[in-house]
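Structure first, commentary second.
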Protein chains: 2
Amino acid sequence: MTSKARQGEDGGSQTVRALLRLREMILSGQLPAGERIAEPAVAEATGISRTPIRAALIRLQEEGLIEPIRSGGFRVRAFSAAEIRDAIEVRGVMEGLAARLAAERGVGRAALSVLQGCVREIDDLLASGELDEARFAAYVEANARFHDALAGASGSEVVQRQVVRANALPFASANGFVRVQAASADARRTLTIANAQHAAVIEAIAQREGGRAEALMREHARIAHRNLEHVLDNPAVIGLIPGGCLIQGPRDAAPVRK
Amino acid sequence: MTSKARQGEDGGSQTVRALLRLREMILSGQLPAGERIAEPAVAEATGISRTPIRAALIRLQEEGLIEPIRSGGFRVRAFSAAEIRDAIEVRGVMEGLAARLAAERGVGRAALSVLQGCVREIDDLLASGELDEARFAAYVEANARFHDALAGASGSEVVQRQVVRANALPFASANGFVRVQAASADARRTLTIANAQHAAVIEAIAQREGGRAEALMREHARIAHRNLEHVLDNPAVIGLIPGGCLIQGPRDAAPVRK
DNA sequence: TACACAAATTGTGTATACAGCTATGGCAAA
DNA sequence: TTTGCCATAGCTGTATACACAATTTGTGTA
């Protein structure tokens, strides 16, 4: 019972807790980019012993958020603008693959209507007035649901897995830059265009137009490219995006590592 | 000194040793697909304590070779023909991306000549006589070198990383089915075609034809599709491919799990 | 004041001990 | 003979201890 209660609270095992907690500490900048992650320190800060923390670190390395140090241990990665652009491109390619497979192999009526439901929700949201915090949260949620459903529509666990993986880096993910969009002036315009692409992909899938579906999802991901440029030009908004503290300023020399 | 000597022998830390050893045990069928991997048993068999073995298991899970069991621990994965096809498709897409980026961004003279060197080597190999064991090993090596160099030519560490990842599953990798090809009658023909594709990709990259480069690498990966079909039709050769024991027979019902 | 060297502290990698849980086999009862 | 339950054995997840390595700090000297 106790274990089940704890499971409900924060996700089961110490390892999972450590993973969530560490990710949070990295993305919030509590563990600064480029710096070694000292296991004993994290252990004390979280109240979790070193063993599960170690397991979480391995997973975070596979995820790409941290990198091994030659002399042992890990360090928080810093990402150049070019790397982020590439990560976004990879996501676009993977989601493009998912969309193409969905179109080529066909998807059931149910899956299609889930996708359509997301688009509808977002359309209603955009039509219903100002983009306040609540509506914005709803948008983020619906958008994530659309992208998840699309990965599932590929009909391939292998592909779905890779799509999830491509979304692992926070600033590469589908919702990575939306908070920046919200802050910008033409938020509604961009989101409207994005949702039109959602709708077009669904149409392409329904009509078995694989090439079109793929191209659309690739282009869709490139919205994030434009948002990234915006962030690089206005470093003030960098705090809005998750893991923003991991982004190396475009003019920063690589930090000297002793 | 002792530690450095051991490092030379089999790759450094106990964790690395455990990773290599476990992968070998899985791919050789020593740990049967579908069966739970008992850590104490592996620990005793390898002489490595449970801690590094555990670390290796986590890495193998991220790699996709093993999957977690609900009640704890891991089990060796079994792969259906459909999953293998999808994994090959994913590799094709990722290598296609690498080739496109190489073409779009341009590659240096040096990188280009590395690629050309591989193609030349393979051509010479194919022209030089019977495909004996030695020549065949040289082919495998040169082929791997080509694919590595191509991933590097993308100019993006992020992309390179994903390509490597897509090649992690042994039967999805570029050299996964070559031994099958060697056994088949028209080995020379297939390898000749494959190398023509290599050459064409280089040409496309040199001429900055991104779309062509991408399409070529996708098609190139599909050679593995044909080889897979061949294997499924001739289960006798399944022992030739690494990790063949992980392939579920096409007509096999899922093995009963008690 | 700067630099080199030594000592101490800190941290990783690994082994091991232990608690809780799962699964399996046997035993009893119907 | 079959079915249900209980006990036992084994395994996982976690904590902790320890050795070796690295880094940092402090000290002495040029």
Side-chain angles (χ1 to χ4, degrees), chain A residues 1-22 25-26 31-32 34-62 66-76 255-258, chain B residues 1-22 25-26 31-32 34-62 66-76 255-258:
Chain A
M1 191 59 147
T2 309
S3 79
K4 282 205 177 174
R6 287 221 303 236
Q7 211 161 6
E9 274 173 42
D10 44 6
S13 64
Q14 295 287 76
T15 301
V16 172
R17 263 193 285 276
L19 186 61
L20 297 174
R21 196 82 183 68
L22 268 169
M25 290 170 83
I26 291 170
L31 295 172
E35 214 158 276
R36 169 182 234 147
I37 300 176
E39 292 171 17
V42 175
E44 198 188 5
T46 59
I48 301 172
S49 88
R50 272 186 61 210
T51 307
I53 285 178
R54 207 137 227 287
L57 287 173
I58 295 174
R59 292 203 152 89
L60 285 173
Q61 185 204 343
E62 303 290 330
I66 65 180
E67 60 188 354
I69 301 178
R70 199 169 37 80
S71 63
F74 299 95
R75 133 176 66 222
V76 178
V256 184
R257 283 172 193 161
K258 350 164 201 181
Chain B
M1 192 59 146
T2 308
S3 79
K4 280 206 177 175
R6 287 220 303 236
Q7 209 161 5
E9 276 174 40
D10 43 6
S13 64
Q14 294 287 76
T15 301
V16 173
R17 263 192 286 274
L19 186 62
L20 297 174
R21 198 80 182 69
L22 268 168
M25 290 170 83
I26 291 170
L31 296 172
E35 214 159 277
R36 170 184 233 144
I37 300 176
E39 293 171 15
V42 175
E44 199 188 4
T46 60
I48 301 172
S49 89
R50 272 185 62 213
T51 306
I53 286 178
R54 204 139 229 284
L57 286 173
I58 295 174
R59 292 204 152 88
L60 286 173
Q61 185 203 344
E62 303 290 330
I66 64 178
E67 61 188 353
I69 301 178
R70 199 170 37 79
S71 63
F74 299 95
R75 135 175 65 222
V76 178
V256 184
R257 284 174 192 159
K258 352 166 202 176

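Owing to the predicted nature of the structure, the values given are computational and were not obtained by experimental measurement. By convention in this document, chain letters (A, B, ...) are assigned in the order of the sequence lines, proteins followed by strands, and residues within each chain are numbered from 1.
- Put simply, CG on L60(A) and CD1 on I53(A) are 11.0 Å apart, with the number rounded to the nearest 0.5 Å.
- Residue S71(A) places at least one side-chain N or O under 4.0 Å from the OP1 or OP2 atom of dT23(D).
- Rounding to whole angstrom units, CD1 of residue I53(B) and P of dT12(D) are separated by 10 Å.
- Partners of E62(A) according to the salt bridge (charged side-chain N to carboxylate O under 4.0 Å, His left out) rule, which considers only residues two or more places apart in sequence or in another chain, are R59(B).
- The pairing partner recorded for dA30(D) is dT1(C), the criterion being a Watson-Crick or G-U wobble arrangement whose two distances lie under 3.5 angstrom.
- We find that CD1 of I58(A) is positioned 13 Å from P of dT12(C), with the value rounded to whole Å.
- If you take CD1 of I66(A) and P of dT12(C), they are 11 Å apart, rounded to a whole angstrom.
- In this structure, the separation between CD on Q14(A) and CD1 on I48(A) is 5.0 Å, given to the nearest 0.5 Å.
- Close to dT14(C), at under 4.0 Å from its OP1 or OP2, lies a side-chain N or O of T15(B).
- Atom CZ of R54(A) is separated from atom C1' of dT12(D) by 19 Å (rounded to the nearest Å).
- For P68(A), the side-chain contact (heavy atoms from CB on, under 4.5 Å) test picks out Q61(A), F74(A), with sequence neighbours left out.
- Of the possible polar contacts, none joining the R75(B) side chain to the I66(B) backbone as a donor-acceptor pair under 3.5 Å is found.
- Looking at which nucleotide of DNA chain C each of I37(A) and I69(B) is closest to, the 5′-most match is held by I37(A).
- From L57(A), atom CG reaches atom CD1 of I37(A) across 5.5 Å, with rounding to the nearest 0.5 Å.
- dT12(C) atom P lies 14 Å from atom CD of Q61(A), rounded to whole Å.
- In this structure, CZ of R36(A) is placed 12 Å from C1' of dT24(D), rounded to the nearest angstrom.
- Residues passing the side-chain contact (heavy atoms from CB on, under 4.5 Å) test with A38(B), sequence neighbours excluded: P40(B), A41(B).
- Atom CZ of R75(B) and atom C1' of dT12(D) are 15 Å apart (whole Å).
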Pairs under 3.5 Å (N/O, protein and nucleotides 15-18 of chain D):
unit_1	atom_1	unit_2	atom_2	d
dA15(D)	OP1	Q14(A)	NE2	3.0
dA15(D)	OP2	S49(A)	N	3.1
dA15(D)	OP2	S49(A)	OG	2.4
dA15(D)	O5'	S49(A)	OG	3.3
dA15(D)	N7	T51(A)	OG1	2.7
dT16(D)	O4	T51(A)	OG1	3.2

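- For residues 36-46 of chain A, every residue pair satisfying the side chain to side chain donor-acceptor pair (under 3.5 Å) rule, not counting sequence neighbours, is listed here: E39(A)-R50(A), E39(A)-R54(A).
- In this structure, of dA22(D), dG13(C), dT12(D), it is dT12(D) that holds the atom nearest to the side chain of E39(B).
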Polar atoms only, N or O, under 3.5 Å: list the protein pairs with nucleotides 5-8 of chain C and their distances.
none

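- Looking at heavy atoms from C-beta onward, L20(A) lies in side-chain contact with V16(A) at the 4.5 angstrom threshold.
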